[in-house]
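Take a look at the structure set out below.
Index from 1, following the sequence.
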Amino acid sequence: MKRDKRLPLTETSFYILLALKNPMHGYLAMQEVENLSEGEVRIAPGTMYGALENLSSQGLIDSIDGDDPRRKLYRLTSQGQVLLELELTRLKKLTRIAASHGVRGLS
């Protein structure tokens, strides 16, 4: 099976897609990425909105109407969900291969 050319995801894209499984605006998504990554990934506003635009142009997320017309809400698309699952499968395979070669610290 041929791997999707959009893989591997960057760490930032991975966390953004994961965060947007629940629709939210960009600032909240920035906070959620920081929470999901346990503070290891912090995204500046300019970087976040550039990433959102990029993910949107790839069809991985889209914007929807929310309660506040001043804030765009973003959500994961079905295509984004599939790519996120492909990336998780890829990471699991890498972990399994590393464990089979005696790499410690994997759970």
Cut-off 3.5 Å, no hydrogens considered: what does the side-chain donor-acceptor table look like for residues 34-41, sequence neighbours left out?
unit_1	atom_1	unit_2	atom_2	d
E34	OE2	R42	NE	2.9
N35	ND2	Q31	O	3.4
S37	OG	V33	O	3.0
S37	OG	E34	O	3.3
S37	OG	E40	N	3.4
S37	OG	V41	N	2.9
S37	OG	V41	O	3.4

Kindly give the heavy-atom pair with the smallest separation between L52 and Y74, and that separation in Å.
CD1-CE1, 3.6 Å
To the nearest 0.5 Å, what is the distance between OG on S63 and CG on L20?
11.0 Å
To the nearest 0.5 Å, what is the distance between CG (L9) and CD1 (I16)?
10.5 Å
Exercise: identify the closest heavy-atom pair between Q81 and L76:
OE1-CD2, 3.3 Å
Work out which heavy atom in A19 is nearest to a heavy atom in A29; give both atom names and the distance.
CB-O, 4.5 Å
For the atom pair CD (Q58) and CD (E53), what is the distance rounded to the nearest 0.5 Å?
11.0 Å
Selection residues 72-84 - residue pairs positive for salt bridge (Lys or Arg N to Asp or Glu O under 4.0 Å), sequence neighbours left out:
D62-R75
Pairs satisfying salt bridge (Lys or Arg N to Asp or Glu O under 4.0 Å), at least one member in residues 80-94, at least two apart:
E87-R90
If you count heavy atoms of other groups shown closer than 6.0 angstrom to CG of D68, is the number above 12?
yes
d(T77 OG1, I61 CD1) to nearest 0.5 Å is 8.5 Å
Using the salt bridge (Lys or Arg N to Asp or Glu O under 4.0 Å) rule, collect all pairs that involve residues 5-22, keeping only residues at least two apart or in two chains.
D4-R6
Please identify each residue that fulfils side-chain contact (heavy atoms from CB on, under 4.5 Å) with T47, with sequence neighbours left out.
I43, A44
So how far is it from R3 CZ to T89 OG1, rounded to the nearest 0.5 Å?
12.0 Å
Please report the interatomic distance CG(L86) to CG(L91), rounded to the nearest 0.5 Å.
11.0 Å
Please give me the minimum heavy-atom distance between G66 and L73, naming the atom from each residue.
CA-CD1, 3.5 Å
Residues forming a side chain to side chain donor-acceptor pair (under 3.5 Å) with S78, sequence neighbours excluded
none
